[in-house]
Amino acid sequence: QVQLVESGGGLVQAGGSLRLSCVASGRTGSMGWFRQRPGKEREFVAAMAWSGSRINYADSVRGRFIISRDNAKNTVFLQMNSLKPEDTAVYYCALDRLGYTAAIAATAYDYWGRGTQVTVSS
């Protein structure tokens, strides 16, 4: 059974930082982060292939967020810096069995975590 468990969310002031973690068990592959802001559809944030050779970021977070992974622990991280109130969302990690991708489309991912809330106050 494949499980993805996110952690690290919380409340932070604008300009602050948070680091999200997602531990995957039962499967390896490319991993990505998505978010769903209040009243919005789920959107892509960042993704990284298994080898790290491919990385993609949404334009809205490029230069502020950094995705990384520890394959020995099957864990992916999202370092979020210079946070803005519009970054407030539930953040989800996802796993794509195709380990060489860094897919932007949510439909490419086979497994999802339950999400962790990030709230940025102004």
Legend entry - Qualifying side-chain hydrogen bond (donor to acceptor under 3.5 Å, both in side chains) pairs, either residue in residues 103-118, two or more places apart: R97-D110, Q117-T119

Legend entry - Side-chain cluster (under 4.5 Å, hydrophobic types only) that Y100 belongs to, other residues: L98

Legend entry - disulfide bond (SG atoms under 2.5 Å apart) contacts in which one or both residues fall within residues 63-102, not counting sequence neighbours: C22-C93

Legend entry - Residues that R54 engages under salt bridge (Lys or Arg N to Asp or Glu O under 4.0 Å), provided they are two or more places apart: none

Inset, instruction - Sequence neighbours left out, what passes side-chain hydrogen bond (donor to acceptor under 3.5 Å, both in side chains) with R37? Give chain and number order. - result: E43

Legend entry - Side chains of L20 and E6 in contact at under 4.5 Å (non-hydrogen atoms): no

Legend entry - Whether N56 side chain and A102 backbone form a donor-acceptor pair below 3.5 Å: yes

Inset, instruction - Taking ring-ring contact (aromatic ring centres under 6.0 Å, His included) as the test, write out the residues that go with F44, two or more places apart. - result: F34

Inset, instruction - Find out if a path of hydrophobic residues (ILVMFWY) with successive side-chain heavy-atom gaps under 4.5 Å connects V45 to L83. - result: yes

Inset, instruction - Run the numbers on Q79 and F65 for side chain to side chain contact (heavy atoms under 4.5 Å, CB included), then give the verdict. - result: CA-CA 5 Å; Q79 178 67 42; F65 291 10; over 6 Å; no

Inset, instruction - Enumerate the residue pairs fulfilling side-chain hydrogen bond (donor to acceptor under 3.5 Å, both in side chains) with a member in residues 63-77, sequence neighbours excluded, ordered by first and then second residue. - result: R64-D87, R69-N71

Legend entry - Non-neighbouring partners of R42 that pass salt bridge (Lys or Arg N to Asp or Glu O under 4.0 Å), sequence neighbours left out: none

Legend entry - Short side-chain to backbone donor-acceptor contact, S82 and G15, under 3.5 Å: no

Inset, instruction - Give the minimum heavy-atom separation between P38 and T88, together with the two atoms involved. - result: CD-O, 3.7 Å

Inset, instruction - Mind checking side-chain hydrogen bond (donor to acceptor under 3.5 Å, both in side chains) for Y91 and listing every partner two or more places apart, or none if nothing turns up? - result: R35

Inset, instruction - Name all residues meeting the side-chain hydrogen bond (donor to acceptor under 3.5 Å, both in side chains) criterion together with S53; count only those two or more places apart in sequence or in a different chain, and write none if there are none. - result: S51

Inset, instruction - Evaluate the side-chain proximity of M31 to L4: yes if any heavy-atom separation is below 4.5 Å, no if none is. - result: yes

Inset, instruction - Name all pairs fulfilling the disulfide bond (SG atoms under 2.5 Å apart) condition that reach into residues 46-81, sequence neighbours left out, sorted by first residue then second. - result: none

Inset, instruction - Using the side-chain hydrogen bond (donor to acceptor under 3.5 Å, both in side chains) rule, collect all pairs that involve residues 12-27, keeping only residues at least two apart or in two chains. - result: S17-N81

Inset, instruction - Determine, using the 4.5 Å side-chain heavy-atom cutoff (strictly less than), whether M48 and I66 are members of one ILVMFWY cluster. - result: yes

Inset, instruction - List the atom of S122, the atom of A14, and the distance in Å for their closest heavy-atom pair. - result: CA-CB, 4.4 Å

Inset, instruction - Decide yes or no for V76 and W33: does some side-chain heavy atom of the first lie under 4.5 Å from some side-chain heavy atom of the second? - result: yes

Legend entry - Minimum side-chain heavy-atom gap V118-L18 below 4.5 Å: yes

Legend entry - Closest approach of A47 to A103 (non-hydrogen atoms, all atoms of both residues): CB-O, 3.6 Å

Inset, instruction - Examine I67 and M80 and state if one hydrophobic cluster contains both, with Ile, Leu, Val, Met, Phe, Trp and Tyr joined whenever side-chain heavy atoms are less than 4.5 Å apart. - result: yes

Legend entry - Cluster check V61, I55: I/L/V/M/F/W/Y, side chain < 4.5 angstrom: yes

